[in-house]
Amino acid sequence: MQPYDMPDEKGHFGQFGGIFVAETLIEALDELRVMYEKYRHDPDFLTELQYDLKHFVGRPSPIYHAKRWSDRVGGAQIYLKREDLNHTGAHKVNNTVGQALLAKRMGKPRIIAETGAGQHGVATATISARLGLECVVYMGAEDVKRQAPNVYRMKLLGATVVPVESGSKTLKDALNEAMRDWVTNISTTFYIIGTVAGPHPYPMMVRDFNSVVGVECKMQMNEMLGRQPDAVVACVGGGSNAMGIFYPYIDLREVRLIGVEAAGHGIETGKHAAPLTANSPIGVLHGNRTYLMQNEEGQIIETHSISAGLDYPGVGPEHAWLKDIKRAEYVAVTDTDALDAFHSLCLTEGIIPALETSHALAYAEKLAKTMKPDQVILVNLSGRGDKDINTVAKISNINL
Amino acid sequence: MSRITDTFQALKEKNKKALIPYITAGDPHPDLTESMLHALVDAGADMIELGIPFSDPMADGPTIQRASERALAHHVGLSHVFKMVKAFREKNNKTPIILMGYANPIEAISAETFVVRAKASDVDGIITVDYPPEECKQFTKLLKEKNIDSIFLLSPTTELDRVKLIIEQASGFLYYVSLKGVTGAANIDIEQVKSKVGIIRELTKLPIGVGFGVKDATTAKEVAKISDAVVVGSRMVQEIENSNKDNLIHNISKLMKELREAVN
């Protein structure tokens, strides 16, 4: 079988991906693509990146056997890739370090980013502070309210946080606004996109920088168990943590890859953020073609999820492709089930997971029950849940 | 020949430049769009750019984005836009209507259906903001078969090779975006626009329109001197935003007349 080799040179994953932007952005994307091609295999650049991933981020992150939780669930053994232990508390930093080092090489003094839950914003503000770059983060006004601690964190790190009041005031609107900034300030500004969406080369580049997660897993599973997992499970909003852990496993056909979307109040209610599971139509948004939640007139519809980081109407084009070629499976988990898994992991393993990650945990729980005790599920524990304690407390009617 | 080409030809014979206002269909209310179109023509518009409302207008500034939101509050989508153009055509068979919008509403009904319905409503041209030439070859072909013009944007950062690639697919006219940024952003640098328009002229016989950043009659006058058409978008939408339903027609007609006089 041919090794997996996507996207094509124009950024297409089959019919998905591509470059769908106004002419004013084309030159900037061309410049980025050329520079990324130049540095992605450059020994100096890679040495600098490796150094920061090790000494600044704290890589490699461990894999942890959640034994008590596995026993309690009953069935397969669940292992957790501890991206929550990274500096800034999530996988997002792998990508921001990579892109910020690229920005530095390109001589761009100003960094902009969009953020949903705030994890990508914090990771971007962090690396910008470390490199002495100006940082502006666009965040939906709704998310600013939901994620106050992260907003303050970004400010502490010297970033300017701009609340976005347009549209649904969430992640997609923050992305629109960041694009507008970029097109206006192209010569000085590097736009660090936080997920595997956007126009080419972003989906590929963000995947590549995050794939350190999957690369480590392959080595670590081999060291720990002498084998690879039967299934890899990760949550999917835009899909960066999932692509990061899936990508190095794509050619290992015996490993099931399972992406878990946010079913919100339930797929049948329409209040969710699960375009793949709900069989949403194909469309064009934020520079790429993918499955998109939209109405009959092609207007993007509002999504719902308890977790701001999964609250996105589209999905990275490579996930759309992996779904179509049946290499990955996509399922969805409701707010309620994600919350149950959140509490369950807190109590049995002493780990507070992010609400985004809790979706993956909830599905792993369900899946484990159908498997044998000698089988292995590897979950990407993409982030820690400290940022979510206000949300969870509110749902539990507790006033902090 | 298309209505757009005919219009440019007729203006050229009179040594005049085209004036193209932009409004978003359904802004401020779908019932008003048709009468606004007629009023703009009466006040001196040579062609009209009619925006298709979209929930995520990434290339537009806050002014046009708010226009989209006002239209969407009345659930205005492509099906209404086609009806509005058809209604306009019952009284006006001469003024070209150019639709401007984003790819997703078109793909939602499919490019094939879009083209058939655009033709049935007598639409003359289409600008799809987020379709660079590489990604819309099939769509351009379908439009060509129906004799609908494909109008492409050129920007200050578009390199010469790309200008050539775009010219190969373009018809009607070329739309030069006068500044780096979204619609309605900072002021135009006339000298810079002049030099770039000069370079493009050597490559094509297509008329060249200039837009993004034409903020007043004075700028319109300057732009008219160096181009074949002046597009006024955010400034027109701003006038709509600042009007109520009683003075709306009066205000946009007044602005249109001022621009007309300046351009003449």
Side-chain angles (χ1 to χ4, degrees), chain A residues 9-12 15 17-31 164-168 172-189 198-200 280-290 292-302 313-314, chain B residues 52-62 65-66 68-69 71-72 75-81 101-110 114 127-136 152-159 162-163 165-166 174-183 185-186 212:
Chain A
E9 61 178 23
K10 297 275 180 198
H12 297 111
Q15 64 174 316
I19 299 176
F20 293 88
V21 296
E23 190 57 33
T24 36
L25 270 178
I26 293 285
E27 202 215 1
L29 289 167
D30 264 352
E31 183 194 9
V164 177
E165 299 282 353
S166 57
S168 59
K172 76 172 178 72
D173 310 286
L175 223 151
N176 290 334
E177 210 55 40
M179 283 280 183
R180 292 188 185 109
D181 179 316
W182 197 31
V183 76
T184 312
N185 301 296
I186 269 174
S187 52
T188 58
T189 301
H200 181 63
S280 297
I282 293 166
V284 172
L285 182 70
H286 295 151
N288 67 90
R289 183 177 279 130
T290 187
L292 265 186
M293 291 175 59
Q294 54 183 306
N295 67 18
E296 286 169 6
E297 294 272 11
Q299 309 298 346
I300 310 306
I301 55 178
E302 290 195 15
Chain B
I52 304 163
F54 183 46
S55 52
D56 295 75
M58 229 167 62
D60 285 298
Q65 189 183 7
R66 285 195 299 272
S68 244
E69 285 177 7
L72 288 172
H75 308 287
V76 177
L78 259 180
S79 51
H80 304 85
V81 177
Y102 291 79
N104 201 56
I106 295 170
E107 296 201 358
I109 60 167
S110 88
F114 174 87
I127 303 169
T128 317
V129 182
D130 52 353
Y131 262 163
E134 294 90 342
E135 298 284 5
C136 65
F152 283 89
L153 303 181
L154 292 172
S155 95
T157 55
T158 308
E159 287 177 3
R162 273 190 74 76
V163 175
L165 174 77
I166 290 167
L174 291 165
Y175 187 145
Y176 182 71
V177 174
S178 55
L179 43 86
K180 296 178 195 175
V182 291
T183 51
F212 281 42

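Here the structure is a predicted model, which means the values were calculated and not measured.
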### Query
Non-hydrogen atoms of chain A under 4.5 Å away: do they reach the side chain of B:Ile166, the backbone, both or neither?
side chain
### Task
Check each atom of A:His12 against the heavy atoms of chain B and say whether the ones under 4.5 Å are side chain, backbone, both or neither.
side chain
#### Entry: Residues, nucleotides or ligands: over 12 heavy atoms within 6.0 Å of A:Glu296 CD
no
### Query
When you measure from the side chain of B:Asp130 to the backbone N and O of B:Tyr102, does any donor-acceptor pair fall under 3.5 Å?
no
### Query
What part of A:Gln299 lies closer than 4.5 angstrom to a heavy atom of chain B: side chain, backbone, both or neither?
both
### Query
For B:Pro57, is it the side chain, the backbone, both, or neither that has a heavy atom closer than 4.5 Å to a heavy atom of chain A?
both
### Message
Between B:Glu135 and A:Lys10, does the salt bridge (Lys or Arg N to Asp or Glu O under 4.0 Å) criterion hold? Intermediate values first, please.
### Response
CA-CA 10 Å; B:Glu135 298 284 5; A:Lys10 297 275 180 198; over 6 Å; no
### Task
Drop me the distance from A:Ile300's CD1 to B:Asn104's CG, to the nearest 0.5 angstrom.
4.5 Å
### Summary
From the list A:Ala28, A:Gly167, A:Gly18, A:Ser166, the residue making the most non-hydrogen contacts under 4.5 Å with chain B is A:Ser166
### Message
When you compare the side chains of B:Glu107 and B:Tyr131, does any donor N or O come within less than 3.5 Å of an acceptor on the partner?
### Response
yes
### Partner residues of A:Glu302 under the side-chain contact (heavy atoms from CB on, under 4.5 Å) criterion, sequence neighbours left out
A:Ser168
#### Entry: Segment of B:Arg66 engaging chain A (4.5 angstrom heavy-atom cut-off)
neither
## Note on the structure
Okay, B:Val76 and chain A: the region with an atom under 4.5 Å from a heavy atom over there is backbone
#### Entry: Qualifying residues under side chain to side chain donor-acceptor pair (under 3.5 Å), relative to A:Asn295, sequence neighbours excluded
none
### Message
Only pairs of heavy atoms separated by less than 4.5 Å count here; which of B:Ser68, B:Pro133, B:Pro105, B:Ala108 has the most with chain A?
### Response
B:Pro105
## Note on the structure
The interface call for B:Leu72 against chain A, heavy-atom contacts under 4.5 Å, is side chain
### Message
Between A:Leu292 and chain B, with a heavy-atom cut-off of 4.5 Å, which part of the residue counts as in contact: side chain, backbone, both or neither?
### Response
side chain
